[in-house]
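Reckoned from all heavy atoms, side chains included, excluding hydrogens, waters and symmetry mates. Note on naming: letters A, B, ... go to the chains in the order of the sequence lines (proteins, then strands), and numbering restarts at 1 for each one.
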Amino acid sequence: MPELPDVEIFKKYMDATSLHHKINDVAVIETKVLEGVSARKLRARLVDRSFESTRRHGKYLFARLEERSWLVFHFGMTGALKYYKTESDHVKYVRVRFFFSNGYDLVYISQRMLGRIRLVPFAEEFIGSNEWGPDALAIDYGRFAEAVRKSRGPIKTTLMNQKLIAGIGNIYADEILFQSRLHPTTPGNKMKPQAIENLFHNVKTGLKQAIQWRADPGNFPKGHLLPHRNQGADCPVCGQKLKTVKVAGRTAYFCPRCQAR
DNA sequence: AGTACCACCTGACGGC
DNA sequence: TGCCGTCAGGTGGTAC
């Protein structure tokens, strides 16, 4: 699931639970989730240290250990973090476990193992080397509008392009386009300035609201697409049957009436 | 440069 | 019940 709002919730969760506790041990249950670092090195760099602060860029979460040392969490489609008292709970798909000196663990969960954990010296440098665009909550209007105006492909693809704007995935792209009353295949370079402004506004408010509602569709008030984003559902605004279309290999849900081309 | 497709993984679900 | 195809909220590589 994890897109920007979900990862922001993981960040808040980690801030509230996992900072400043000494790490007693690290257990790598599945080495496949480690990228560019061995289980041995990870353990050596973490044991006796603690997570001091976190930051987020797009769908990536960074936890600072010390100078020149950041742990990078990426969650893929099925990742999450959970903090709980050691052995108090049986959690499935735990791939890496951090044992704190206070008797609690932070675990990295990843059912499909499409996410990765890395260890990098500088968060900023890592973000730059991946050529990610500005975080969707930080991008300014000028840069956003330029990216949209220059794109010939479907607007949904542009919203999800991490090199242009970091943090929006399949689900929130659908919600943002629904709020903007834009068909997912609308070409960016065909959009009027008014429509681009409106889309920009909905990127910001859509993501901020999702964070307020803890990225849980169950908390979304009426008039939002997410809780209805499944086969055969009706538009929460006009009642029309929602439709789907493949955009860049992903399923886009939209209302054919509210989001007419 | 921009876009499409596949591979990476596991599991859930529907049809037969 | 069991098997099989399809699909799932992400990303990176390759091929046009």
Pair A/Phe51 and A/His20, ring centroids less than 6.0 Å apart: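 When the ring centroids of A/Phe51 and A/His20 are compared, they turn out to be at least 6.0 Å apart.
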Answer with base, sugar-phosphate or nothing: what part of the nucleic acid does [X] contact at a heavy-atom distance below 4.0 Å?
X        : answer
A/Phe75  : nothing
A/Lys246 : sugar-phosphate
A/Arg116 : nothing
A/Ser110 : nothing

Starting at [atom1] of [X] and ending at [atom2] of [N], how long is that distance when rounded to a whole Å?
X        : N     : atom1 : atom2 : result
A/Lys150 : B/dT3 : NZ    : P     : 12 Å
A/Glu175 : C/dG9 : CD    : P     : 14 Å
A/Tyr93  : C/dA8 : OH    : P     : 18 Å
A/Asn161 : B/dT3 : CG    : P     : 9 Å
A/Met77  : C/dG9 : CE    : P     : 6 Å
A/Asn230 : C/dC7 : CG    : C1'   : 14 Å
A/Asn189 : B/dT3 : CG    : P     : 9 Å
A/Asp6   : C/dA8 : CG    : P     : 17 Å

message: Under a 4.0 Å threshold between the charged nitrogen and the carboxylate oxygen, would A/Lys192 count as salt-bridged to A/Glu197?
response: no
query: Between A/Asn130 and A/Gly249, which is nearer to the 5' end of DNA chain C once each is assigned its nearest nucleotide?
result: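 Here A/Gly249 is the residue nearer the 5' end.
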Taking the [atom1] atom of each, how far is [N] from [M], in whole Å?
N      : M      : atom1 : value
C/dG12 : B/dG11 : P     : 24 Å
B/dA12 : C/dT11 : C1'   : 22 Å
C/dT6  : B/dC5  : P     : 16 Å

- request: Can you tell me the pairing partner of B/dC6 across any strand shown, Watson-Crick or G-U wobble, with both distances under 3.5 angstrom?
  value: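 C/dG12 is the nucleotide pairing with B/dC6.
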Do the side-chain N or O atoms of [X] get closer than 4.0 angstrom to the phosphate oxygens (OP1, OP2) of [N]?
X        : N     : result
A/Arg112 : B/dC8 : no
A/Tyr253 : C/dG9 : no
A/Thr251 : C/dA8 : yes

- prompt: Would A/Arg64 and A/Thr54 count as having a side-chain donor-acceptor pair, cut-off 3.5 Å?
  reply: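 The criterion, which ignores hydrogens and geometry beyond distance, is not satisfied for A/Thr54 and A/Arg64.
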field: Plane angle bin for A/Tyr83 and A/Tyr13 - parallel if under 30°, tilted between 30 and 60°, otherwise perpendicular
entry: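 Plane angle over 60°, so perpendicular.
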